[in-house]
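Below, chain A is the first sequence line, B the second, and so on; all start at residue 1.
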2 protein chains.
Amino acid sequence: MQQIRPRATMRDVAALAGVSLKTVSRVVNDEAGVGDAVRARVRAAVVQLDYRHHQAASDLRRGTGRTRAVGVLVQDVANDFSSRLLRSLEDAAREHGLAVLAGSLDEDPDRERALVADMVARRVDGLVIMAATSMQDYLQPEQRAGLPIVFVDREPAGIAADSVTVDNRGGARAAVDHLLERGHRRIAFLGDLPSIVTANERHLGYLESLQAAGVPADPSLAVLGLHDEDQAQRALESLFASRTPPTAVFTARNVITVGALRALRARGASWRTALVGFDDLPLFELLDPSVTAVRQDVAALGRATAQILVDRLAGDASPPRRVVLHPELVFRASSNAPV
Amino acid sequence: MQQIRPRATMRDVAALAGVSLKTVSRVVNDEAGVGDAVRARVRAAVVQLDYRHHQAASDLRRGTGRTRAVGVLVQDVANDFSSRLLRSLEDAAREHGLAVLAGSLDEDPDRERALVADMVARRVDGLVIMAATSMQDYLQPEQRAGLPIVFVDREPAGIAADSVTVDNRGGARAAVDHLLERGHRRIAFLGDLPSIVTANERHLGYLESLQAAGVPADPSLAVLGLHDEDQAQRALESLFASRTPPTAVFTARNVITVGALRALRARGASWRTALVGFDDLPLFELLDPSVTAVRQDVAALGRATAQILVDRLAGDASPPRRVVLHPELVFRASSNAPV
DNA sequence: TTGAAAGCGCTACCAC
DNA sequence: GTGGTAGCGCTTTCAA
């Protein structure tokens with residue numbers, strides 16, 4: 001292994017160039033007021049010593065309190081929805097010279113609090129959170145200290161803050177309305193825990209749609225608390241094993257939809273069971289039958305979120321904004337199955 | 001808008017608690033040597049003032065040069081492969097109390113250098129890079145300064161550093177061997193720019209396989225420089241429009257495979273064209289025909305990478321490690337099409 | 001145009 | 001047990 005050479009500081013550069021520390025600082029920061037000859041000498045010393053600016057020390061002394069980094073906490077950076085959102089935010093952050101500290105919460109409230117604490121200790125300039133907690137009042141001190149916080153995908157509770165969300169209830173209603181219009185009456189609901197706001201909203205939309213159509217909701221057709229594909233697959237298999245199986249299914253999240261698709265496939269029931277999923281996936285269009293889905297415009301979600309954050313960073317102190325995007329039902333073949 | 005209250009410093013806490021700065025530091029860092037009464041008073045002041053530890057200042061003073069953050073630069077955090085790798089690394093980092101600074105490179109060498117420079121200025125403890133540059137000698141000064149760098153997915157050039165990669169050539173050979181065994185002779189290759197090491201390796205594997213089988217490679221069947229689905233789709237459509245279309249296709253990346261699937265679907269040629277893709281996708285199993293693919297164990301890739309990084313952070317100064325994982329051919333229906 | 005001194009928020013070292 | 005002093009690497013006065 002080669003010898004490691006400790007990083008050079010401005011002092012080292014100053015010594016080598018035969019100038020004062022302050023002059024090096026001026027050159028490194030491209031400030032005026034340094035003669036060309038001196039500037040060149042300093043530049044040479046910088047190169048020779050492989051000097052690298054120490055941003056943390058600089059930030060500390062400047063006292064602006066800015067680190068040019070933002071924290072982005074999503075449900076799971078490997079999930080299609082979360083990762084596309086993260087990417088959209090990264091692009092916006094990049095335009096403004098901001099680095100992105102990313103974290104996955106896995107619907108774990110403790111993890112959210114721990115990660116937020118870490119981001120605060122790092123003095124990120126702003127925070128974007130897809131909350132796993134049901135109550136975010138613990139963030140009030142941070143907000144009071146001037147930290148811009150934008151909630152994405154899920155509205156905050158216990159704190160007045162910006163949010164960019166999707167009309168989950170409306171999207172779910174549209175999905176179930178669609179199935180009802182095709183004559184279905186036994187429509188199953190597969191969703192995650194109702195403690196997750198979006199999951200609950202989608203469940204409520206399902207119930208509202210049934211009620212509006214005068215179709216009594218059969219509680220045995222609604223399965224909540226599904227986290228992954230396997231659970232969703234097993235849940236749907238159970239429903240099919242019952243005496244009165246559903247003729248249609250509304251799946252309230254992308255992984256749940258995939259699990260349901262596996263169950264239908266295994267049972268050979270893909271063409272005779274109607275399916276609508278919340279969240280579109282790139283390959284849904286290519287499946288047989290292609291999958292009808294409620295599509296969220298993830299890029300728009302990210303853009304709106306980033307815009308608010310950037311405005312706040314620029315000093316915008318107006319009241320919290322609430323942006324609600326409306327999802328779109330993408331009609332494909334999977335919802336055409338007969339009753 | 002509420003009043004913003006500047007963050008309290010240890011000095012403020014000390015003043016409120018009526019103790020010295022150093023005592024506050026002891027309490028905040030859970031050090032011994034503070035009486036219970038004093039400790040309680042300090043704790044109360046911390047809560048009252050919403051004091052938050054300033055990690056950067058602490059790191060600076062400690063002089064360990066550690067920030068407990070690592071940089072992870074992948075191709076695109078929204079891509080299935082990259083995002084799963086990122087997640088795997090995040091999990092490992094979390095276990096060691098490391099935060100993750102994430103960045104997408106989009107195969108842009110300038111962007112890689114810019115992001116690396118930023119990470120260095122932030123003094124990350126380590127760097128994981130899915131390189132977009134063809135030469136990484138520019139990282140030598142950072143390595144010399146003691147920064148652990150692990151290259152993932154693509155081996156480094158111009159620098160001796162750790163790497164965790166996949167046997168791309170072998171994987172591609174297995175894919176094409178498979179198609180040859182089924183009797184195909186006109187096998188198309190759809191891949192990205194040969195300047196991307198992995199893309200080139202997969203192309204070489206394709207050529208090697210053909211050569212080993214004594215099948216002359218028809219250059220008109222190989223299309224390189226495909227970046228996204230649309231380009232891949234159009235490329236395959238062009239091949240089909242030729243006088244001597246392929247009977248089989250090897251697609252060298254996940255987005256290319258999806259583009260090819262669209263082309264086959266649009267043409268109604270899915271069942272009569274054999275297809276093998278490099279990179280598996282969650283829904284390939286559910287397509288008709290299901291898609292045969294060369295699967296990389298992304299989680300294992302991430303784990304191996306993280307392990308090396310963690311070892312280096314712990315002081316391991318042994319010679320650079322080269323880990324090569326072997327992908328697996330997952331047989332499904334898409335490669336069964338007749339010649 | 002250049003530099004010396006002070007200090008950002010915090011902790012190591014050594015007094016008491 | 002507790003506190004003062006010095007100083008991490010840097011930038012801000014302000015003086016020369």
Atom pair distance, as rounded to whole Å: [atom1] in [X] and [atom2] in [N]:
X: A/Arg11; N: D/dT11; atom1: CZ; atom2: C1'; result: 14 Å
X: A/Asp12; N: D/dC8; atom1: CG; atom2: P; result: 11 Å
X: B/Arg66; N: C/dC10; atom1: CZ; atom2: C1'; result: 19 Å
X: A/Asp30; N: D/dT11; atom1: CG; atom2: P; result: 12 Å
X: A/Gln55; N: D/dG9; atom1: CD; atom2: C1'; result: 13 Å
X: B/Glu31; N: C/dC10; atom1: CD; atom2: P; result: 14 Å

N/O (side chain, [X]) to phosphate O (OP1/OP2, [N]) under 4.0 Å:
X: B/Thr23; N: D/dG3; answer: yes
X: B/Ser20; N: D/dG3; answer: yes
X: B/Arg7; N: C/dG9; answer: no
X: A/Arg62; N: D/dT11; answer: yes
X: A/Thr9; N: D/dG9; answer: no
X: A/His53; N: D/dT11; answer: yes

Check: A/Gln55/A/Ser58 side-chain N/O donor and acceptor closer than 3.5 Å: no
Give the nucleotide from the list [options] with an atom nearest to the side chain of [X].
X: B/Ala57; options: D/dC8, D/dG9, C/dG9; answer: C/dG9
X: B/Leu21; options: C/dT11, D/dT12, C/dA4; answer: C/dT11
X: A/Lys22; options: D/dC10, C/dG3, D/dG4; answer: C/dG3
X: A/Leu60; options: D/dT11, D/dG9, D/dT12; answer: D/dG9

Base D/dG9 to side chain A/Arg61, donor-acceptor N/O within 3.5 Å cut-off: no
Heavy-atom side-chain contact between [X] and [Y] under 4.5 Å:
X: A/Asp162; Y: A/Arg322; value: no
X: A/Val116; Y: A/Met119; value: no
X: B/Arg43; Y: B/Val27; value: yes

5'-most by nearest nucleotide on DNA chain C - B/Tyr51 or B/Arg26: B/Tyr51
Salt bridge present between A/Asp316 and A/Arg321 (N-O < 4.0 angstrom): yes
NZ/NE/NH1/NH2 to OD/OE distance under 4.0 Å, B/Glu112 and B/Arg154: no
Sugar-phosphate, base or nothing in reach of A/Asp59, heavy atoms under 4.0 Å: nothing
Position toward the 5' end of DNA chain D (nearest nucleotide), B/Val38 or B/Arg123: B/Val38
Pairwise 5' ranking along DNA chain D for B/Gly33 and A/Ser25, keeping only the more 5' one: B/Gly33
